[in-house]
Amino acid sequence: MTRPLSEQELIRRENLQKMIDLGINPYPNETYPISHYSNEIHEGFAEDNEKYSAVCLAGRLMSRRIMGKASFAEIQDTHGRIQIYVNRDEICPGEDKTLYNQVFKKLLDLGDYIGIKGHAFLTQTGTLSIHVTELKVLSKSVKPLPVVKTDAEGNTYDAVSDPEFKYRQRYVDLTVNPEVRQTFVQRSAMINAMREFMTQKGYLEVETPVLQPLYGGAAARPFKTHHNTLDTQFYLRIANELYLKRLIVGGYDGVFEFAKDFRNEGMSRFHNPEFTMMELYVAYKDYEWMMDFTEEMLEFVAMKVHGTTDIQVGDNVISFKRPWKRFSMYGAIEHFTGVDVSEMDEDTMRKAAEDMGVHIDKTMARGKIIDEIFGEKCEHQLIQPTFITDYPVEMSPLAKKHRDKPGLVERFEAICNAKEICNAFSELNDPLDQRQRFEHQLELGKRGDEEAMQLDEDYLRALEYGMPPTAGIGIGIDRLAMIMTNQPSIQDVLLFPQMKPEGE
RNA sequence: GACCGGUUAGCUCAGCUGGUAGAGCAACGCCCUUUUAAGGCGUGGGUCCUGGGUUCGAGCCCCAGACCGGUCACCA
């Protein structure tokens with residue numbers, strides 16, 4: 001498993017030893033007194049260059065241009081890069097030129113952490129730089145980092161682009177590709193904006209169990225695990241819905257959680273086995289209210305992340321400006337296919353679906369056929385955020401029956417960039433109806449549906465005590481992050497996407 | 001799971017109809033006191049993903065496998 005060291009790795013280890021031989025600790029312990037970050041100087045120098053006559057920065061050495069007795073180099077800190085100017089006779093004022101001739105020119109390698117003190121100035125070509133008077137090694141790198149170069153036009157050369165490299169060694173990707181760091185800054189800004197928005201409304205952020213004796217709240221296959229002391233099988237949660245609604249029963253008017261959920265299913269550009277879902281439940285509200293809330297929140301999020309509601313995603317500009325388009329599911333099918341299926345019975349609909357070229361099989365009931373038609377004929381055309389409302393009851397065992405459309409439930413999804421970004425409904429709070437729906441799920445399970453829900457007696461007990469009318473929503477944070485950061489795959493918005501273990 | 005594509009130096013990539021591997025950057029040596037994808041001269045560096053096979057000879061052809069990506073299937 002240990003491979004022989006490459007030539008460059010050997011040289012770096014030799015450099016490390018030579019530093020030690022010179023009495024330099026390549027891994028010093030003490031705090032380094034940073035006074036500024038690169039971006040502060042870039043932003044502030046033009047206004048007041050006096051302010052930066054004594055600065056102290058630290059970061060990785062990312063490039064080095066040696067010209068005899070003077071050199072330019074770049075260091076990269078957490079906020080960017082800045083050029084440094086190192087003059088032999090200034091960092092080595094006496095006879096001993098070791099620090100420049102040996103340490104700086106020979107023993108330092110790209111990727112090493114150094115600290116520098118000096119003053120900011122403009123070079124003859126007008127580049128902001130730090131004129132270095134003191135230089136200290138803060139941490140030695142013994143493995144060569146890929147060298148990514150950018151020219152004056154902003155073209156990058158030799159960027160690490162192999163996805164396997166990027167995902168397995170995210171630390172390298174982040175070090176060397178600044179736009180990757182930016183993506184995760186934006187993801188964090190997005191989540192902060194949502195948290196701020198909901199907290200300001202007075203909703204309570206809570207935490208609920210990841211290890212659950214019964215899994216529920218979604219249709220998915222779970223991961224199983226085992227607790228030794230209790231000698232009990234647990235599941236990693238596929239959703240936290242049923243726990244949050246127990247809290248509504250308990251008397252909180254609004255609760256939300258950014259939850260890591262786990263689903264034991266296929267992986268793809270849109271699916272990671274563990275992913276983040278934000279779920280929110282608000283008492284005394286219905287799904288109409290929740291649609292308004294969703295628009296308002298995501299408009300706020302877009303403004304917070306980008307300063308505008310118009311976001312470039314692939315070839316499209318997606319506008320999160322309110323109000324969004326709304327279609328009932330039947331309405332969307334009629335709009336995109338010209339066929340009104342709302343009054344059709346199952347056999348007629350099956351024929352209609354086949355006529356449209358939608359693939360269906362005999363096991364599909366009416367609700368499933370509707371879903372198939374929508375999925376194949378409508379969803380991919382919905383680029384701008386669009387609400388689709390009123391789903392067939394069979395597919396929504398936790399949603400309240402529609403107040404005046406038989407066979408449907410009060411449910412909506414928002415589709416954006418041809419993908420679902422959230423799922424919401426007026427929550428079913430009738431305990432007797434809920435019991436029947438669970439029992440129907442058990443039937444499906446017996447018929448071999450691996451994703452059928454389990455019957456959760458404790459949840460039913462909670463509903464029997466009484467849950468106020470409640471609106472709930474789940475927002476796929478990773479999917480939303482893909483849109484907000486303009487990334488084509490979920491792996492690009494997860495710092496450590498799931499991968500097969502590396503072979504030895 | 002099926003099909004397609006990829007895997008060659010630290011990184012990005014070439015490599016023809018099969019003749020025992022090449023560039024740029026990085027590295028190493030020398031020169032250079034305001035450069036900037038710094039420059040000049042010189043040098044080294046490879047389990048060509050793995051294992052079989054065909055062949056006088058395989059980075060290239062054949063078979064099996066690994067990993068990654070894409071599409072589809074499955075799926076919120």
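All values reported here derive from a predicted model rather than from experimental measurement.
Here A:Ile66 lies in heavy-atom contact (under 4.0 Å) with a base. Across all strands, A:Arg269 comes closer than 4.0 Å only to sugar-phosphate atoms, never to a base (heavy-atom distances). Across all strands shown, A:Ser71 has no heavy atoms under 4.0 Å from either base or sugar-phosphate atoms. Contact annotation for A:Asn155: no contact, since no heavy-atom pair falls under 4.0 Å across all strands. Here A:Arg13 lies out of heavy-atom contact (under 4.0 Å) with every strand. Heavy atoms of A:Thr127 sit under 4.0 angstrom from at least one base atom. A:Lys166 comes within 4.0 angstrom of no nucleic acid atom, judged by non-hydrogen atoms across all strands. Residue A:Glu420 is in base contact, counting any heavy-atom pair closer than 4.0 Å across all strands shown.
B:A27 atom P lies 7 Å from atom CZ of A:Arg64, rounded to whole Å. For A:Met62 and B:A26, the CE to P distance is 13 Å, given to the nearest whole Å. Here B:U12 presents its P atom at 12 Å from CG of A:Leu145, a figure rounded to the nearest Å. Going from atom CZ of A:Phe270 over to atom P of B:A73 covers 13 Å, rounded to whole Å. The distance between atom CD of A:Glu9 and atom C1' of B:A9, rounded to the nearest whole Å, is 12 Å. Taking atom NZ of residue A:Lys500 and atom P of nucleotide B:U7, one finds them 20 Å apart after rounding to whole Å. Taking atom CD of A:Glu265 as the reference point, atom P of B:A73 lies 16 Å away to the nearest angstrom. Rounded to whole angstrom, the span from the CG atom of A:Leu10 across to the C1' atom of B:C28 amounts to 13 Å.
One P atom belongs to B:C62, the other to B:U54, and the distance between them is 15 Å to the nearest Å. Spacing of C1' atoms, B:A73 relative to B:A26, comes out at 44 Å, to the nearest Å. Nucleotides B:C41 and B:A66 are separated by 49 Å at their P atoms, to the nearest Å. Between B:G19 and B:G5, the two P atoms lie 22 Å apart (nearest whole Å). Across B:C60 and B:A14, the matching C1' atoms stand 14 Å from one another, rounded to whole Å. Comparing B:G65 with B:C11, their P atoms sit 28 Å apart, to the nearest whole Å. Comparing the C1' positions of B:G10 and B:C56 gives a spacing of 37 Å, expressed to the nearest Å. Separation of the C1' atoms belonging to B:C61 and B:C25 is 34 Å when rounded to the nearest angstrom.
Both A:Gly68 and A:Pro163 sit near RNA chain B, but only A:Gly68 has its closest nucleotide nearer the 5' end. The residue among A:Glu90 and A:Arg263 whose nearest nucleotide of RNA chain B lies closer to the 5′ end is A:Glu90.
Side-chain N/O atoms of A:Ser63 include none lying less than 4.0 angstrom from OP1 or OP2 on B:C25. Residue A:Arg65 places no side-chain N or O under 4.0 Å from the OP1 or OP2 atom of B:U35. An OP1 or OP2 oxygen of B:A26 is reached within less than 4.0 angstrom by a side-chain nitrogen or oxygen of A:Lys149.
Figure legend: cation-pi geometry between A:Arg246 and A:Tyr243, with NZ or CZ positioned under 6.0 Å from the six-membered ring centre and within 45° of its axis. Relative to the ring axis of A:Phe45, A:Lys51 does not place its NZ or CZ within 45° and under 6.0 Å from the centre.
Across B:U35, B:C68, B:U33, the shortest atom-to-atom separation from the side chain of A:Phe72 is found for B:U35. Closest contact between the side chain of A:Phe121 and the listed nucleotides B:C11, B:U33, B:U34 involves B:U34. In this structure, the nucleotide among B:U12, B:U35, B:C25 sitting nearest to the side chain of A:Val147 is B:C25. Of the listed nucleotides (B:C11, B:C28, B:U33), B:C11 has the atom at the smallest distance from the side chain of A:Pro146. Among the nucleotides B:G69, B:G44, B:A27, the one closest to the side chain of A:Gln8 is B:A27. Comparing atom distances between the A:Ser6 side chain and each of B:G10, B:C67, B:C28 picks out B:G10 as nearest. With distances taken from any side-chain atom of A:Met499 to the nucleotides B:C28, B:C75, B:C68, the minimum falls on B:C68. For A:Ser489, the listed nucleotide lying nearest its side chain is B:G70; candidates were B:U12, B:A37, B:G70. With B:G29, B:G69, B:A26 as the candidates, the nucleotide lying closest to the side chain of A:Lys106 is B:G29.
Between A:Tyr287 and A:Phe425, the distance separating the two ring centers is not shorter than 6.0 angstrom. Under the 6.0 Å cut-off for aromatic ring centres, A:His335 and A:Phe327 qualify, their centroids lying closer than that.
Within the 4.5 Å cutoff, side-chain heavy atoms of A:Glu376 are placed close to those of A:His359. A heavy-atom distance below 4.5 Å is found between the side chains of A:Tyr459 and A:Lys245. Taking 4.5 Å as the limit, every side-chain heavy atom of A:Ile130 sits out of range of all side-chain heavy atoms of A:Tyr85. The shortest distance between side-chain heavy atoms of A:Phe438 and A:Leu442 does not fall below 4.5 Å.
In this structure, B:C49 and B:G65 make a Watson-Crick or G-U wobble pair, each of the two defining distances being under 3.5 angstrom. Shown here, B:C41 forms a base pair with B:G29; the pair counts as Watson-Crick or G-U wobble because both key distances fall under 3.5 Å. Across all strands shown, B:U71 pairs with B:A2; the Watson-Crick or G-U wobble distances both stay below 3.5 Å. With a 3.5 Å ceiling on both atom-pair distances, B:U54 lacks any Watson-Crick or G-U wobble partner. Pairing of B:G22, defined by two Watson-Crick or G-U wobble distances under 3.5 Å, is identified with B:C13.
Residue side chain A:Tyr157 fails the stacking definition with respect to B:G24, as its ring centre and the base's six-membered ring centre are not both under 5.5 angstrom apart and under 30 degrees in plane angle.
In this model, no side-chain donor or acceptor of A:Asp162 finds a partner on the base of B:G69 within 3.5 Å. With hydrogens and angles ignored, no donor-acceptor pair closer than 3.5 Å exists between the side chain of A:Glu164 and the base of B:U7.
Salt-bridge annotation for A:Arg411 and A:Glu427: absent, with no side-chain N of the basic residue lying under 4.0 Å from a carboxylate O of the acidic one.
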